[in-house]
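Report on the structure given below.
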Amino acid sequence: MEPEHKRKLHARINGWFAENARDLPWRDPECSPWGILVSEVMLQQTPVVRVLPVWHEWMERWPEPAALAAEPSGEAVRAWGRLGYPRRALRLHAAAAAITEVHGGKVPDTHAALLTLPGVGDYTAAAVASFAFGRRETVVDTNIRRVHARLITGNALPSQSLTAAEMRLADSLLPDADAEAVAWNASVMELGAMVCTARSPRCEECPVLSNCAWVQAGRPEPHYIPKGQAWHGTDRQVRGAMMAVLRQAEGPVLRELLLTGPVDLGAPAADSSLSPLGALHALSAPQEQLERALAGLLRDGLAELSDAGVRLPA
DNA sequence: CAATCGTGGCC
DNA sequence: TGGCCAAGATT
């Protein structure tokens, strides 16, 4: 791409960001690298509005990695609440331990070192290196991929999996200077999240509408049909319901209580479908599926067996 | 590369 | 109402 065109895109998108960016706490210049790392992990597949309250709780309770590492991993899982994908909490706890033991309590400041932390992949390593340490990193998330697909490539959606071509494109668009690159990363991501959205993009608000290859091509349909994520009747649904029971429980939960279908235990109130246990039983999952779900939780370290039953890791 | 892994709001 | 989707990582 011509340097002049590239420069124009930078100016327009960064200018839009300066006027329209959300005021998110992890964008505060005072936010610590730890706060930024926690936000990035929480934001993996979870919307900002749901992350906000939990992130504040975590920062107050565990202002630095060592504080989290000093507690059982089950506390991280419980404090994760309903953000989803609870093994992220487990990995964040493990990352805090590694930071404490291997990195002197400080979040590492290079992409390579960050990549060695549990739960930190290429995106998160680049995002933390860029946003927390001001490095020039090629940050590529689902928002940025979608903006590039439309603005440059002219497709409605990015390819189904991250390709080498996409990385090269992102590399070629990244400004040369560190600070410019950091601003560009944040700006394109925000544009994708707020304007160039997956469904019904708000093109009338787009600062680069006149440059958009997808719009100029007449907004062609996607080249493929995204496959939905099955939920009802799946192991994931059962795991989720089971985790809700364990999070809410004070201590161990009787194994039979988790694995048994609806049954009159003489305490009908406790089995209300409004309680986590009631919700689990209301699924009426086959015995085999319940056992498979529990085995999965134990294998993943999200739960453990004690004399008294099943509980979060202590 | 494709499957797996939560949760809830929105259209 | 129900499918779609969200700042991915791991196997």
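Just so it is clear: chains get the letters A, B, ... in the order the sequence lines come, proteins before strands, and each one is counted from 1.
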Measure all distances between protein nitrogen or oxygen atoms and nitrogen or oxygen atoms of nucleotides 9-11 of chain B, and list the pairs falling under 3.5 Å.
none

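At the phosphate of B:dA3, OP1 or OP2 sits under 4.0 Å from a side-chain N or O atom of A:K227. OP1 or OP2 of B:dG6 has at least one side-chain nitrogen or oxygen of A:R239 nearer than 4.0 Å. Phosphate proximity of C:dA7 to A:T46: absent, as no side-chain N or O sits under 4.0 Å from OP1 or OP2. Of the side-chain N and O atoms in A:R236, none sit less than 4.0 angstrom from OP1 or OP2 of B:dA3.
At a threshold of 4.0 angstrom between heavy atoms, the contacts of A:G121 are confined to the sugar-phosphate backbone, with no base atom among them. Among the atoms of the strands shown, base atoms are found under 4.0 Å from some heavy atom of A:L83. Using a 4.0 Å heavy-atom cutoff across all strands shown, A:V41 reaches no nucleic acid atom at all. Using a 4.0 Å heavy-atom cutoff across all strands shown, A:L24 reaches at least one base atom of the nucleic acid. Residue contacts shown for A:R145 are absent, as no nucleic acid heavy atom lies under 4.0 Å away. A:W26 comes within 4.0 angstrom of a nucleotide base, judged by non-hydrogen atoms across all strands. Heavy atoms of A:T124 sit under 4.0 angstrom from primed sugar atoms or phosphate atoms, though from no base atom. In this structure, A:D122 reaches the sugar-phosphate backbone alone: every heavy-atom distance under 4.0 Å involves primed, P, OP1 or OP2 atoms, never a base. Within the nucleic acid shown, A:A127 has no heavy atom closer than 4.0 Å to any nucleic acid atom.
If you check B:dG6, C:dA9, B:dT7 against the side chain of A:Q45, the one that comes closest is B:dG6. Checked against C:dA6, B:dT4, B:dC1, the side chain of A:S161 finds its nearest nucleotide in B:dC1. Of the listed nucleotides (C:dC5, C:dG8, C:dA6), C:dC5 has the atom at the smallest distance from the side chain of A:P226. Of the candidates B:dG6, C:dG8, C:dT10, C:dT10 carries the atom nearest the A:R91 side chain, counting heavy atoms from C-beta on. Closest to the side chain of A:Q44, out of C:dC5, C:dA7, C:dG8, is C:dG8.
When the P atom of B:dC5 is taken as reference, atom CH2 of A:W80 falls 18 Å away, rounded to whole Å. Residue A:R82 contributes atom CZ, which lies 12 Å from atom P of B:dG6 at whole-angstrom precision. The CG-C1' distance, from A:L302 to B:dG6, rounds to 11 Å in whole Å. Rounded to whole Å, the distance from CG on A:D235 to P on B:dT7 is 14 Å. For the pair A:E190 CD and C:dA7 P, the computed distance is 10 Å after rounding to whole Å. To the nearest angstrom, P of B:dT4 lies 13 Å from CD of A:Q289. Atoms CD (A:E137) and P (C:dA7) sit 21 Å apart, rounded to a whole Å. Whole-Å rounding puts the A:L114 CG to C:dG8 P distance at 17 Å.
Residues A:L162 and A:A241 both approach DNA chain B. Their nearest nucleotides, taken by heavy-atom distance, put A:L162 toward the 5′ side. Heavy-atom distances to DNA chain C give each of A:I225 and A:D141 a nearest nucleotide, and the one nearer the 5′ end belongs to A:I225. When each of A:L43 and A:L117 is assigned the nucleotide of DNA chain C bearing its nearest heavy atom, the one mapping closer to the 5' terminus is A:L43.
For A:T163 and A:R168, the side-chain atoms include no donor-acceptor pair closer than 3.5 Å. No side-chain donor-acceptor contact under 3.5 Å links A:Y123 and A:Q44. Side-chain contact annotation: A:R12 with A:S210, donor-acceptor N/O pair under 3.5 Å present. Donor-acceptor pairing under 3.5 Å is recorded for the side chains of A:S159 and A:R145.
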task: Apply the test side-chain contact (heavy atoms from CB on, under 4.5 Å) to residues A:M194 and A:N20: give CA-CA distance (whole Å), side-chain angles for both, the deciding distance (0.1 Å), then the verdict.
output: CA-CA 9 Å; A:M194 304 303 292; A:N20 298 281; over 6 Å; no

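At a cut-off of 3.5 angstrom, counting only N and O atoms as typed in the model, there is a donor on one side and an acceptor on the other between the side-chain of A:Q229 and the base of C:dA6.
Classification of A:E4 and A:K8 as a salt-bridged pair fails, no side-chain N sitting under 4.0 Å from a carboxylate O.
Of the P atoms belonging to B:dA2 and C:dA7, the separation is 23 Å, rounded to the nearest Å. Nucleotides C:dA9 and B:dG8 have their P atoms positioned 23 Å apart, rounded to a whole Å. Here the separation of C:dC4 from B:dA3, taken at their P atoms, is 16 Å to the nearest Å.
Aromatic rings of A:W62 and A:W34 (six-membered ring for Trp) have centroids beyond the 6.0 Å cut-off, not under it.
Side-chain atoms of A:R22 and A:E190, non-hydrogen and from C-beta on, do get closer than 4.5 Å to each other.
Contact record, A:V77 with A:M243: CG1-CE, 3.5 Å, taken as the closest heavy-atom pair.
Between A:W58 and A:W80, the ring planes lie perpendicular to each other; the angle is over 60°, past the 30° to 60° tilted range.
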